[in-house]
Participant: 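Would you mind keeping the following structure in view while I ask a few things?
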Amino acid sequence: IGRNFMNKLWNVCRFIQLNMDSIYKYDININDEEYGLPDRWILSRLSRAVTDYNMQLDRFHFNEAAKVLYEFTWNDFCDWYIEIAKISFNNDEDKSRKTSLNISVFCIKNLLRLLHPYSPFITEELWAHFKDDNSSDLIISKWPSRKPNFKNEKVEKDMSIVKEIITALRSIRSRMNVPKSKKSILIIKCKNSQKSFINLHEALIKNLSSVTEIQSGLDQKRPPQSCSAIVQGMELYLPLGGLVDLNQEVARMEKRIIEI
């Protein structure tokens, strides 16, 4: 846990604070129907992080405990959940926005408690912006426990598949130098059960991978001038026509081959 990590934490706390409503009381209700896959996933990951962190502290493995917090904060919370929450923060729908803020504040408050032994001064300063009027200072606040337990294996597995799809699409776009401003369609050859999964999480995939339309099913064919990826047995096809100058890309690839 170093300077870059603390800068990341400071920035994400500042971002959440700017979106907070001072008169709204932030609370968690796992049975809330408004909680989508990302919301339940980050709560599950937080519960897992709290359990693993406390276990490492009990064993006096302080470096491993710090690693647990680093990976959750950087990889799960900042890189994924906050990116997804930004969609809700910019959404006019009040319920969706409050749900994301609820969970973001809940995660941050637990993170600050866990990080306090490693960085007492920064976490105490950040805590002052999130604590309630009746809350105590961070140094004497209640330590996060293993309860309530939000762990959910199915949710984590489903979110892992969604992340794999989004990562594969982003990788294709990056590799082929597709500008972020250009949208594309996505064609997925998959089983009927996988088609239902894609339909269920279609909005999330679209928002995070610059996709305007998803066509899925067992009868889908690979279109011409497209790139492909395999995720969990599903064949992803991203048509490149109109997105990149194919002649320029061919020339770039040939030059790269010569260099190798």
Side-chain angles (χ1 to χ4, degrees), residues 8 12 35-49 51-52 67-88 96 99-100 103-104 107 150-223 225-240 243-244 249:
K8 187 90 167 179
V12 77
Y35 287 13
L37 176 65
D39 305 317
R40 298 178 188 278
W41 169 76
I42 197 63
L43 290 175
S44 178
R45 296 296 297 164
L46 175 63
S47 286
R48 193 175 298 280
T51 299
D52 293 347
K67 185 179 178 182
V68 169
L69 290 186
Y70 181 94
E71 291 179 350
F72 171 79
T73 306
W74 197 292
N75 299 332
D76 294 336
F77 188 64
C78 294
D79 282 359
W80 281 101
Y81 186 74
I82 290 299
E83 285 302 309
I84 296 169
K86 285 178 182 178
I87 301 169
S88 299
S96 174
T99 296
S100 296
I103 295 173
S104 297
C107 289
F150 300 122
K151 287 182 189 176
N152 189 317
E153 296 287 347
K154 184 180 184 305
V155 163
E156 290 194 33
K157 182 179 179 181
D158 288 350
M159 188 63 188
S160 177
I161 296 172
V162 172
K163 286 169 60 182
E164 282 187 58
I165 293 172
I166 293 168
T167 300
L169 295 175
R170 286 177 171 179
S171 178
I172 291 174
R173 292 176 65 92
S174 175
R175 192 169 65 247
M176 301 305 296
N177 294 321
V178 178
K180 292 182 178 180
S181 59
K182 289 191 175 181
K183 307 290 184 179
S184 62
I185 68 169
L186 171 63
I187 298 171
I188 305 177
K189 184 176 181 179
C190 59
K191 301 174 183 176
N192 289 333
S193 58
Q194 294 171 321
K195 177 181 173 66
S196 298
F197 178 87
I198 295 297
N199 291 340
L200 184 60
H201 306 296
E202 182 176 354
L204 181 58
I205 296 171
K206 283 181 177 179
N207 283 323
L208 293 181
S209 54
S210 299
V211 168
T212 57
E213 179 186 353
I214 299 178
Q215 302 172 10
S216 60
L218 194 58
D219 58 343
Q220 295 294 334
K221 304 293 183 182
R222 178 170 184 168
Q225 299 181 347
S226 64
C227 279
S228 65
I230 305 295
V231 174
Q232 298 290 323
M234 296 180 284
E235 300 176 26
L236 313 183
Y237 303 126
L238 194 67
L240 298 176
L243 296 180
V244 296
E249 283 302 311

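This is a predicted model, so every value here is computed, not measured.
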Participant: Quick check against the 3.5 Å criterion: does Asp39 have a side-chain atom that pairs as donor or acceptor with the backbone of Gly36?
Facilitator: yes

Participant: In Å, rounded to the nearest 0.5 Å, how long is the span from CG of Leu43 to CD1 of Ile103?
Facilitator: 4.5 Å

Participant: Identify whether the distance between the nearest side-chain nitrogen and carboxylate oxygen of Asp79 and Lys163 falls below 4.0 Å.
Facilitator: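 Judged by the 4.0 Å cut-off on N to carboxylate O distance, Asp79 and Lys163 do not form a salt bridge.
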
Participant: Between CG of Asp76 and CD1 of Ile82, what distance do you get to the nearest 0.5 Å?
Facilitator: 12.0 Å

Participant: For the CD1 atom of Ile166 and the CE atom of Met159, what is their distance to the nearest 0.5 Å?
Facilitator: 6.0 Å

Participant: I need the single residue from Ser209, Pro179, Ser184 that forms a side chain to side chain contact (heavy atoms under 4.5 Å, CB included) with Arg173. Which is it?
Facilitator: Ser184

Participant: Just do the side chain to side chain contact (heavy atoms under 4.5 Å, CB included) check on Asp158 and Trp41 with the steps written out, would you?
Facilitator: CA-CA 9 Å; Asp158 288 350; Trp41 169 76; over 6 Å; no

Participant: Keeping Arg222 on the side-chain end and Glu235 on the backbone end, is there a donor-acceptor pair under 3.5 Å?
Facilitator: no

Participant: Do Glu164 and Gln232 pair up side chain to side chain, a donor and an acceptor below 3.5 Å, judged on atom types alone?
Facilitator: yes

Participant: Report the distance from atom OG1 of Thr167 to atom CD1 of Ile172, rounding to the nearest 0.5 Å.
Facilitator: 11.5 Å

Participant: Could you give the distance from CD1 (Ile214) to NE2 (His201), rounded to the nearest 0.5 Å?
Facilitator: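 If I round to the nearest 0.5 Å, the distance is 11.5 Å.
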
Participant: Quick one: does any side-chain atom of Lys195 pair with a main-chain N or O of Ser216 as donor and acceptor, under 3.5 Å?
Facilitator: yes

Participant: Backbone N or O of Tyr35 within a donor-acceptor pair of the Arg40 side chain at under 3.5 Å?
Facilitator: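 Here the side-chain-to-backbone pair exists.
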
Participant: Start with the C-alpha distance between Ile42 and Phe150, add both sets of side-chain angles, then the distance that settles side chain to side chain contact (heavy atoms under 4.5 Å, CB included), and finish with yes or no.
Facilitator: CA-CA 9 Å; Ile42 197 63; Phe150 300 122; over 6 Å; no

Participant: If you measure from CD on Glu156 to OG on Ser47, what distance do you get to the nearest 0.5 Å?
Facilitator: 9.0 Å

Participant: Salt bridge or not for Glu202 and Lys206, using N-O below 4.0 Å?
Facilitator: yes

Participant: Regarding Tyr70 and Asn75, is there a side-chain donor-to-acceptor distance under 3.5 Å anywhere?
Facilitator: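 Short answer, no.
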
Participant: What pair of heavy atoms forms the shortest contact from Lys151 to Thr51, and how long is it?
Facilitator: NZ-OG1, 3.5 Å

Participant: Evaluate the side chain to side chain contact (heavy atoms under 4.5 Å, CB included) criterion for residues Met234 and Ile161: first the C-alpha distance (whole Å), next the side-chain angles of each, then the deciding distance (0.1 Å), finally the verdict.
Facilitator: CA-CA 10 Å; Met234 296 180 284; Ile161 296 172; 4.1 Å; yes

Participant: Any idea which heavy atoms bring Ser226 and Pro239 closest together, and the distance?
Facilitator: CB-CA, 3.7 Å

